[in-house]
Amino acid sequence: AEQHSSLEKDELMKMVRFGADQILSGHGGTYTDEDIDALIARGEEKTSEIQAKLETDVKHNLANFSLLAEDDNGRDTFSFGGKNYRESEKSVGNFINLPQRQRKRNYDVNEYFRETMNTGGPTGGMKAHAADAASKKRKKGPALHDFQLFDRERLNAIAEKERQLAAQKEEQIKTISNLRNQAHQMPSDSAARQATLAQAAEMEENLASFVLTENEQEDKARLQAEGFPDWSRKDFKSFCSSLERHGRYNFKAIAKDVIEETGKDLKDITRYFVAFWTNYRRIQDWKKIIEKVERGERKILRLRQIRDSIQEKIERHLEDTFGPQFANKKDGKIPDANELLEYSWPKMKINYGSSGKGRAYQEDEDAFLICMMYRHGYGAAERIRMEIRRAWQFRLDWYFKSRSAQDIQKRCDALVKVVERENEEIRKKEQEEAEAREAADANPVAAPESGSTPEPTTAGATGTVAVAESVAMDTSAN
């Protein structure tokens, strides 16, 4: 149709009339009405013969079809060849009779204990022993993690011995079963059968001996009680983090952090703390843990040294500034150090040494930073930054006010080194003066003889200068 889709109407009419024109033209022969009537009669005759044959051969049709029983015409669907197969024996056909499927039962604890505790005779006792041996042989024990501080080496040795005893017990049970099977095959009145049964009974009585000794059982119970099975890895990490933050000697802070993070009891934490420092070598990575704790303790010690250096600097500054004012004051309360620093920090003198203070920061800015470290602590750079923005003394100091927390922390680190060096120099100078004073007291200068002029000595001059400086310092203090 797609090939001739472009044909025109006249072409299609020619194709249709091609055969019809030849037939109607009558070139191949002459057909009359009598010939056509004879053909129709012959077709009707053949149709009648076919219908008669169908009525003879077919026993039933859709008009009298029935599935239940014989109908009014006496026909049934189970009737064939003159025989009714409705009441005949049913045949299984070509199907194979398969056995019933054995379904796997789920574990029933009640049924297990009924079979295990059934000791009504030798068979029940053997079942109990067999079940006990099989369970101990397959038993691997609970998972013991290293951070739970179990003595896993000793516990694994005990568990291995239990499995060996269970295997020996299972072999003994198989031997008893084989002996009894052999005895049943022997004549009932033979002496060999009686001896075999007696041997099997004796072996069954010895089955109870395949257990741990009392000392081993007590040792196992003690080792299990020493561990901490309720401690998870999350709890252990929380404990180690607290140790790193506070050190091994600040137990109150450690216990507080662990209680807040894990919800453990204080008694349990105390017991774990003691067990950890007693048996920490049982943990696999104990060297890394101890190294982290020691690193945290060094950090704590360094922070303490920085705090003491800043405190020493502040106390020396307050003593130089307000010492004479409050020296003879007996009545009344001395103001707090932070209150005194509010009015005296611009007067603080800083000994920068040979390196100098640098071009970026002024001495009053460094003094303010030292006072803020004394107030808020070392490392509180963000708080110090806010204090700088609130201080009216620096309202026009845009460079100092625009410093970030990182810049402030860097400057604080540099100032800490300056203060420590200054404290060390003052401490060293005081020590030299004390030694010189002690030497002068121990070896006083002898009185010169008449007519002679004593030669000056370095030790005498040093002692004299030291004594003079000491007196001057005491006077200024009073």
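Taking a cutoff of 4.0 Å between a charged side-chain nitrogen and a carboxylate oxygen, Glu226 and Arg222 qualify as a salt bridge. Look at Glu342 and Arg375 and you find a salt bridge, because one of the NZ, NE, NH1 or NH2 atoms lies within 4.0 Å of a carboxylate O, short of that distance. Note on Lys417 versus Glu420: no salt bridge recorded, every NZ/NE/NH1/NH2 to OD/OE distance being 4.0 Å or above. The pair Asp146-Arg282 does not meet the salt-bridge criterion, since no charged nitrogen lies less than 4.0 angstrom from a carboxylate oxygen. Between Glu387 and Lys401, no side-chain nitrogen of the basic residue sits less than 4.0 Å from a carboxylate oxygen of the acidic one, so the salt-bridge criterion is not met. Checked for salt-bridge contact, Glu365 and Arg411 miss the test: no charged N lies under 4.0 Å from a carboxylate O.
Here Phe368 and Phe394 bring their ring centres to under 6.0 angstrom of each other.
Counting only distance, with no hydrogens or angles, the side chain of Ser209 and the backbone of Asn206 share a donor-acceptor pair below 3.5 Å. Judged by distance alone, the side chain of Asn181 and the main-chain N or O of Ser177 form a donor-acceptor pair under 3.5 Å. Remark: side-chain polar atoms of Ser309 are paired, donor with acceptor, to backbone N or O of Gln305 under 3.5 angstrom. Of the possible polar contacts, one joining the Ser402 side chain to the Tyr399 backbone as a donor-acceptor pair under 3.5 Å is found.
Surrounding CD of Glu216 are more than 12 heavy atoms belonging to other residues, nucleotides or ligands, all under 6.0 Å away. Environment of CH2 in Trp277: crowded, with over 12 heavy atoms of neighbouring residues, nucleotides or ligands closer than 6.0 Å. Within 6.0 Å of CZ in Arg304 there are 12 or fewer heavy atoms belonging to other residues, nucleotides or ligands. Counting non-hydrogen atoms of other residues, nucleotides and ligands closer than 6.0 Å to CZ of Arg383 gives a total of 12 or fewer.
Minimum heavy-atom separation, Pro187 to Arg193: O-CD, 3.3 Å. The two residues Leu340 and Ser344 make their nearest non-hydrogen contact at O-OG, 2.9 Å. Minimum interatomic distance between Val418 and Asn351 (heavy atoms only, all atoms of both residues): CG1-O, 3.5 Å. Counting all heavy atoms, side chain and backbone alike, Ala381 lies closest to Ala405 at CB-O, 3.4 Å. Taking each heavy atom of Glu422 and Lys349 in turn, the nearest pair found is OE2-O, 4.2 Å. Counting all heavy atoms, side chain and backbone alike, Ile269 lies closest to Ala255 at CD1-O, 4.0 Å.
You'll find the side chain of Ile370 reaches within 4.5 Å of the side chain of Ile350, heavy atoms only. Using a 4.5 Å heavy-atom threshold, the side chains of Lys264 and Ile259 count as separate. With a 4.5 Å cut-off on side-chain heavy atoms, Thr321 and Met348 do not count as touching. Counting heavy atoms from C-beta on, the side chains of Phe236 and Ser232 never come closer than 4.5 Å. Within the 4.5 Å cutoff, side-chain heavy atoms of Glu153 are placed close to those of Asp151. The side-chain heavy atoms of Lys429 and Glu433, taken from C-beta on, include a pair separated by under 4.5 Å. In this structure the side chain of Arg427 reaches within 4.5 angstrom of the side chain of Glu312, judged on heavy atoms. Side chains of Val274 and Phe276 form no contact here, defined as non-hydrogen atoms less than 4.5 Å apart.
Cation-pi geometry between Arg421 and Tyr352 is not met at under 6.0 angstrom from the ring centre and within 45 degrees of the axis. Relative to the six-membered ring of Phe400, Arg403 misses at least one condition, a distance below 6.0 Å or an angle of at most 45° to the axis.
Asn178 and Thr175 form no side-chain donor-acceptor contact under 3.5 Å, judged by distance and modelled atom types alone. Under the 3.5 Å distance criterion, with hydrogens and angles disregarded, no donor-acceptor pair is assigned to the side chains of Ser238 and Asp235. A donor atom on one side chain and an acceptor atom on the other are found under 3.5 Å apart for Arg316 and Asn423.
Here the straight-line distance linking atom CH2 of Trp231 with atom CG of Leu149 works out to 9.0 Å at 0.5 Å rounding. The CG atom of Asp366 sits 7.5 Å away from the CD atom of Glu363 when rounded to the nearest 0.5 Å. Interatomic distance, CD of Glu162 versus CG of Leu212, reported as 4.5 Å (0.5 Å rounding). Interatomic distance, Arg385 CZ to Gln406 CD, rounded to the nearest 0.5 Å: 9.5 Å. Here CG of Asn250 is found 6.5 Å from CD1 of Ile254. Values are rounded to the nearest 0.5 Å. With rounding to the nearest 0.5 angstrom, the CD atom of Gln168 is 9.0 Å from the CD atom of Glu171.
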**salt bridge (charged side-chain N to carboxylate O under 4.0 Å, His left out) assessment of Glu204 paired with Arg180** = CA-CA 11 Å; Glu204 184 178 357; Arg180 285 178 175 168; 2.4 Å; yes
**Request:** Give the C-alpha distance, both sets of side-chain angles, the deciding distance and a yes or no for side-chain contact (heavy atoms from CB on, under 4.5 Å) between Asp413 and Gln409.
**Result:** CA-CA 6 Å; Asp413 294 338; Gln409 185 60 44; 3.2 Å; yes
**Asked** Given the rule in the side-chain contact (heavy atoms from CB on, under 4.5 Å) test, do Phe228 and Arg271 qualify, once you have shown the distances and angles that lead to the verdict?
**Response** CA-CA 10 Å; Phe228 299 85; Arg271 179 168 163 261; 2.9 Å; yes
**Request:** Could you check Asp407 against Tyr361 for side-chain hydrogen bond (donor to acceptor under 3.5 Å, both in side chains), going step by step and ending with a plain yes or no?
**Result:** CA-CA 11 Å; Asp407 296 336; Tyr361 293 89; 5.9 Å; no
**Request:** Let me see the working for Ile173 and Met203 under side-chain contact (heavy atoms from CB on, under 4.5 Å), right down to the final yes or no.
**Result:** CA-CA 8 Å; Ile173 291 171; Met203 294 176 67; over 6 Å; no
**Message:** side-chain contact (heavy atoms from CB on, under 4.5 Å), that's the test. Do Ser404 and Ile408 meet it? Break it down for me.
**Reply:** CA-CA 6 Å; Ser404 64; Ile408 293 173; over 6 Å; no
Using a 3.5 Å cut-off and no angle test, enumerate the donor-acceptor pairs between side-chain atoms of residues 285-298 and protein atoms at least two apart in sequence or in another chain.
{"unit_1": "Glu297", "atom_1": "OE1", "unit_2": "Arg248", "atom_2": "NH2", "d": "3.4"}
{"unit_1": "Glu297", "atom_1": "OE2", "unit_2": "Arg248", "atom_2": "N", "d": "3.1"}
{"unit_1": "Glu297", "atom_1": "OE2", "unit_2": "Arg248", "atom_2": "NE", "d": "2.7"}

